[in-house]
Q: 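One structure, pasted below without further comment.
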Amino acid sequence: MQITNTGKIRSATLANPRISAEFFNRPTLRVARELLGTILVRRINRYKLSGRIVETEAYIGVDDPASHAFGKMTRRNKLMFGPPGHAYIYFIYGNHYCLNFVTESEGYPAAVLIRAFEPLTGIKRMAKNRGESLPGNLTNGPGKLCQALRIDKKLNGTSLDSDQLYLVESDQEKIEVGNSPRIGVSRGKNSKWRFFVKNNPYVSAFRGASR
DNA sequence: TATTGGATCGCC
DNA sequence: GCGATCCAATAG
């Protein structure tokens, strides 16, 4: 713990530790599960937006037919082949961005999609970014989350060591985790690679598909 | 160069 | 349940 010369405790020393790139250099299913409950922080200038991750999905290897990395490396997916602990962001359906974190060792293409988080700080600003007032409808879906946090292609490839986007450990008690097939995929429906915090109201809305 | 379909969302 | 909207990948 550091004390400044005015006797104040530095707030940085009180903050929970950051999650390092090593956390992501592990099997993707484990990373996807263990990301639940951690805190995602987005800093825009001096503003801090943060929330607790409550829903993720894993995309693993060139044999996963639902993954962008299915088959081979392309211009879009090449970050998935890169080093772990970086953001992979893509644009989809002509309207939305999706945020992923690259996992596993360099050369093996895998990532975890962040589908939803529970807003903690900067909620008013997230609401403004979304043009939406209902707190439960700000970040309960991958496209909504990116809109609320102003995440777009400019952050593609950002390291989680950066100050714009990073993760910190949470001190919350244990959570109950559920899993299911991934949402919105046309192939790879048999793999139950979606993970979510049970009974958390900020998990994405059910859409006929799975839960 | 043209075509096709998508890790979504909001509204009908 | 459906259309918006545009980019990336693939086929030609």
Side-chain angles (χ1 to χ4, degrees), chain A residues 24 27-33 35-36 40 51 53-82 84 86-104 108-119 126-158 165 177-197 201-211:
Chain A
F24 296 91
T28 306
L29 293 177
R30 281 198 66 184
V31 175
R33 203 180 314 112
L35 275 173
L36 296 178
L40 173 63
I53 294 175
V54 298
E55 183 179 354
T56 60
E57 279 176 3
Y59 292 85
I60 309 172
V62 291
D63 298 322
D64 174 3
S67 174
H68 288 173
F70 180 59
K72 63 173 192 227
M73 190 188 293
T74 64
R75 194 173 74 212
R76 177 173 66 169
N77 71 24
K78 76 168 192 276
L79 272 165
M80 292 182 72
F81 290 78
H86 291 251
Y88 166 51
I89 296 157
Y90 61 85
F91 185 67
I92 192 70
Y93 293 118
N95 281 303
H96 309 287
Y97 296 95
C98 290
L99 170 67
N100 301 255
F101 299 133
V102 176
T103 59
E104 314 225 16
Y108 186 87
V112 174
L113 170 68
I114 308 302
R115 288 192 55 89
F117 86 3
E118 174 176 347
M126 291 186 221
K128 197 173 166 188
N129 293 342
R130 286 265 300 127
E132 163 73 52
S133 54
L134 210 62
N137 195 28
L138 296 178
T139 56
N140 59 332
K144 298 179 192 178
L145 179 78
C146 285
Q147 189 181 25
L149 299 182
R150 283 173 52 191
I151 288 170
D152 61 23
K153 283 281 274 277
K154 289 196 288 290
L155 288 178
N156 194 26
T158 300
L165 190 68
V177 174
N179 71 314
S180 80
R182 293 169 290 183
I183 290 181
V185 298
S186 61
R187 294 177 297 176
K189 289 177 173 162
N190 44 339
S191 303
K192 296 187 173 178
W193 290 353
R194 168 175 175 254
F195 300 90
F196 57 94
V197 177
Y202 298 91
V203 170
S204 67
F206 309 140
R207 274 233 189 234
S210 44
R211 40 201 302 253

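FYI, side chains are in, hydrogens and waters are out, and symmetry mates aren't considered; it's all heavy atoms of this structure. Order of the sequence lines fixes the chain letters, A, B, ..., with proteins taken first and strands second; residue numbering starts at 1 for each chain.
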Q: With sequence neighbours excluded, tell me which residues meet side-chain contact (heavy atoms from CB on, under 4.5 Å) with A/Pro65.
A: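 Result, side-chain contact (heavy atoms from CB on, under 4.5 Å) vs A/Pro65: A/Phe70, A/Arg187.
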Q: Is the shortest side-chain heavy-atom distance between A/Leu35 and A/Leu40 below 4.5 Å?
A: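 Heavy-atom side-chain distance check fails, nothing below 4.5 Å.
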Q: My understanding is that only residues two or more places apart in sequence, or in another chain, count here; which of them pass ring pair (Phe, Tyr, Trp, His ring centres under 6.0 Å) with A/Phe81?
A: none
Q: Quick one: side chain to side chain donor-acceptor pair (under 3.5 Å) partners of A/Asn156, sequence neighbours excluded?
A: none
Q: For the side chain to side chain contact (heavy atoms under 4.5 Å, CB included) test, which of A/Leu149, A/Asn137, A/Thr139 pairs with A/Lys144?
A: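 Only one option passes, and that is A/Asn137.
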Q: Atom pairs, N/O to N/O, protein against nucleotides 10-12 of chain C, distance under 3.5 Å?
A:
none

Q: Please collect all side chain to side chain donor-acceptor pair (under 3.5 Å) contacts where either partner lies in residues 58-68 of chain A, sequence neighbours excluded, each pair once.
A: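 Matches after skipping sequence neighbours: A/Glu57-A/Tyr59, A/Asp64-A/Arg182, A/His68-A/Tyr88.
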Q: Can you list every stem that DNA chain C is part of, counting only runs of 3 or more consecutive Watson-Crick or G-U wobble pairs with both distances under 3.5 Å?
A: B:1-6 with C:6-11, B:8-11 with C:1-4
Q: What pairs with A/Tyr202 under ring pair (Phe, Tyr, Trp, His ring centres under 6.0 Å), at least two apart in sequence or on another chain?
A: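 Counting only residues at least two positions away or on another chain, A/Tyr202 forms no ring pair (Phe, Tyr, Trp, His ring centres under 6.0 Å).
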Q: Under 4.0 Å from any atom of DNA chain C, heavy atoms only: list the residues of residues 88-98 of chain A that qualify, in numerical order.
A: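 Only A/Phe91, A/Tyr93, A/Gly94, A/Asn95 qualify.
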Q: Going by side chain to side chain donor-acceptor pair (under 3.5 Å), name the residues that satisfy it together with A/Arg30, two or more places apart in sequence or in a different chain.
A: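 A/Arg30 satisfies side chain to side chain donor-acceptor pair (under 3.5 Å) with A/Glu34 once adjacent residues are dropped.
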Q: Between B/dG6 atom P and A/Asn100 atom CG, what is the distance in whole Å?
A: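 Spelled out: CG on A/Asn100 to P on B/dG6 is 17 Å.
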Q: If you restrict it to nitrogen or oxygen atoms, what contacts under 3.5 Å exist between nucleotides 1-5 of chain B and the protein, and what is each distance?
A:
none

Q: Which residues satisfy the side chain to side chain donor-acceptor pair (under 3.5 Å) test with A/Lys154, sequence neighbours excluded?
A: A/Asp152
Q: Can you list the residues that meet the side chain to side chain donor-acceptor pair (under 3.5 Å) rule with A/Thr103, with sequence neighbours excluded?
A: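 Side chain to side chain donor-acceptor pair (under 3.5 Å) check on A/Thr103 returns A/Thr28.
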Q: Reckon A/Arg187 touches a base, only the sugar-phosphate, or nothing at all at heavy-atom distances under 4.0 Å?
A: nothing
Q: Is the CZ atom of A/Arg130 crowded by more than 12 outside heavy atoms at less than 6.0 Å?
A: yes
